[in-house]
> 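Below is a structure I'd like to ask you about.
Reckoned from all heavy atoms, side chains included, excluding hydrogens, waters and symmetry mates. Atoms within a ligand are numbered from 1 in the order they appear, just like the ligands themselves. If you read the sequence from its start, that first residue is 1, and numbering goes on from there.
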Amino acid sequence: MGQSTLNPGGDATPSLEHVVIVGASLAGLSAARTLRTEGFTGRLSIIGEEVHRPYDRPPLSKKFLSTTDGHSDLGSDDVADAEWILGVGASSLDTTARAVTLTDGRTVSYDGLVVATGVSARVLPGFDKVGVHTIRTVTDADAFRTALTADSPRVALVGAGFIGAEIASTCVALGIPVTVIEVSEVPFERSLGSAVGAELSRLYVRHGVDLRAGHSVSAVLGDEAVTGLRLDDESVVDANIVVLSAGAVPATAWLESSGLPLDNGVVCDSTLQVVPGIVAAGDVAKWPNARLGEFRRVEHWENAITSGEHAARTLLGASEPYDTVPWVWSDQFGFKLQFIGSSIDHDEIYLDSTLDDGGKLLALYRKGDRLIGACGIRRTKAVLSLRESVGQPGSWTSAIEQFASRSEV
Ligand SMILES: Cc1cc2nc3c(=O)[nH]c(=O)nc-3n(C[C@H](O)[C@H](O)[C@H](O)COP(=O)(O)OP(=O)(O)OC[C@H]3O[C@@H](n4cnc5c(N)ncnc54)[C@H](O)[C@@H]3O)c2cc1C
């Protein structure tokens with residue numbers, strides 16, 4: 001294996017002979033594939049604390065739960081000459097020695113490092129009882145679907161984000177009673193705004209979900225095993241299975257003593273570089289996206305792929321900014337919701353169609369004179385047709401004109 005000729009070298013970044021990727025999942029795999037396709041011929045090591053080769057997480061809150069299927073492997077054999085170090089995590093990073101220490105005590109040196117450790121499910125205090133689940137890994141999802149096969153399962157979900165809503169939808173389809181507790185007045189208030197959240201809550205209730213919006217959990221009941229949840233209005237939700245879907249936290253504990261900039265994620269520049277020789281990608285990476293005027297992480301499947309590609313190219317010497325328009329989908333109650341862009345700090349939401357309009361919904365999000373986001377249910381073409389204009393100056397007026405003239409795309 002020779003050294004890569006693509007790396008610019010220089011004082012700060014030695015030529016790349018050994019790239020280490022920490023995090024053996026979607027973003028890490030995408031970076032590995034790109035390094036090879038862009039001509040990196042040096043040594044490539046991929047470290048992952050799960051025992052599995054990279055697999056797809058989206059099915060874990062959807063089809064996986066109602067079948068006995070295995071997980072969907074992402075097919076990583078196409079990454080030539082990669083050394084997979086699986087079932088062992090990185091415990092620390094020494095950027096001076098350029099070495100990653102593993103939980104089994106080994107150290108792995110690198111010239112170039114890709115941080116792709118993703119996020120972990122947020123765990124709330126008091127929820128450490130038998131019968132409480134989080135769903136992030138295939139092991140988590142397997143334990144949950146086994147629990148669903150017990151006698152008389154009664155599920156309570158804490159947090160009505162995308163993953164929570166999908167799990168609730170699966171329970172409904174399986175005929176299992178499900179209560180959703182959401183602290184905001186409507187589900188998705190923070191991510192989609194209250195107008196769209198209100199539309200979705202009506203839908204959940206129509207499908208039989210017992211929705212307790214505007215409430216929080218004051219106590220987890222039961223001795224060793226959970227028997228229910230007491231809410232802040234003193235009502236009690238009877239449940240022998242509880243799913244915590246209260247968001248996620250970046251998996252950066254192993255970087256705490258490294259000196260790398262951390263702030264609810266690994267802080268990158270606009271090219272996804274953290275410091276020379278180190279890039280980050282996927283759910284863990286926080287970067288300034290000039291297109292949207294935002295500095296944040298994005299926890300979406302597509303972003304894990306494209307940021308992995310971009311970070312790999314940056315490591316090899318490219319210097320383009322990563323100005324992407326995020327896209328996420330969610331499958332719930334028999335429909336696909338799609339969202340592009342962002343809803344953060346929106347000034348206005350324009351509802352072109354609501355779920356009462358033949359079960360279709362299209363919401364556009366304005367900030368200043370720009371279209372910053374679009375959300376659709378059964379309006380796939382409309383949502384995707386707007387992707388290029390998201391974040392562009394003056395894009396709001398043209399988006400509204402397109403829909404005010406009722407051009408059904
Ligand atoms: C249940 C579920 C459903 C989802 N559904 C959708 C969907 O419908 N649409 C959508 O757009 N997105 C969805 N997502 C989000 C999408 O799957 C993620 O955005 C994507 O998996 C992020 O990839 P990643 O590689 O950045 O991180 P991850 O997939 O989290 O992978 C990070 C890997 O790093 C490993 N790791 C962590 N710390 C260490 C360490 N110290 N050392 C070594 N390895 C470590 C982890 O074990 C993990 O394997 C879903 C996610 C989940 C969990």
> Are the side chains of Asn289 and Phe295 in contact, using a 4.5 Å heavy-atom criterion?
no
> Which residue and non-hydrogen atom of the protein lie closest to atom 15 (C) of ligand 1, and at what distance in Å?
Glu299 O, 3.9 Å
> Looking only at protein heavy atoms, which one is nearest to atom 4 (C) of ligand 1, and how far off is it?
Pro58 CA, 3.5 Å
> I want to check something: taking the side chain as every heavy atom from C-beta on, are Ser72 and Tyr55 in contact at a cut-off of under 4.5 Å?
no
> Looking only at protein heavy atoms, which one is nearest to atom 41 (N) of ligand 1, and how far off is it?
Ala90 O, 3.0 Å
> Could you tell me the residue and atom name of the protein heavy atom closest to atom 5 (N) of ligand 1, and the distance to it rounded to 0.1 Å?
Lys62 NZ, 3.1 Å
> Determine whether the side chain, the backbone, both or neither of Phe162 has a heavy atom under 4.0 Å from any heavy atom of ligand 1.
neither
> Going by the side chain to side chain donor-acceptor pair (under 3.5 Å) test, name the single residue among Lys63, Lys62, Lys336 that passes it with Asp331.
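Option passing the side chain to side chain donor-acceptor pair (under 3.5 Å) with Asp331: Lys336.
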> For His52, state whether at least one heavy atom is located under 4.0 Å from any atom of ligand 1.
no
> For residues Trp396 and Tyr350, determine if any side-chain heavy atom of one lies less than 4.5 Å from a side-chain heavy atom of the other.
yes
> Quick test: of every protein heavy atom, which one is nearest to atom 47 (O) of ligand 1, and how far off is it to 0.1 Å?
Glu49 CG, 3.3 Å
> Starting from atom 25 (O) of ligand 1, what is the nearest protein heavy atom, named by residue and atom, and what distance separates them?
Ala27 N, 2.9 Å
> Please state which option from Ile163, Ile305, Ile47, Val22 has its nearest heavy atom closest to atom 51 (C) of ligand 1.
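Looking at heavy atoms only, the winner is Ile163.
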> Identify the closest protein heavy atom to atom 12 (N) of ligand 1: which residue and atom is it, and at what distance?
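Result: Trp301 N, 3.3 Å.
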> Test of understanding: given a 4.0 Å heavy-atom threshold, classify the contact between Ser91 and ligand 1 as side chain, backbone, both, or neither.
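It is neither; nothing of Ser91 touches ligand 1.
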> I want to know whether Phe144 and His133 have ring centres closer than 6.0 Å.
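Yes, the ring of Phe144 comes within the 6.0 Å limit of the ring of His133, centre to centre.
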> Is it the case that atom CZ in Arg190 sees more than 12 heavy atoms from other parts of the structure closer than 6.0 Å?
no
> Given Arg136, Arg57, Arg297, identify the one with the heavy atom nearest to atom 48 (C) of ligand 1.
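That would be Arg57.
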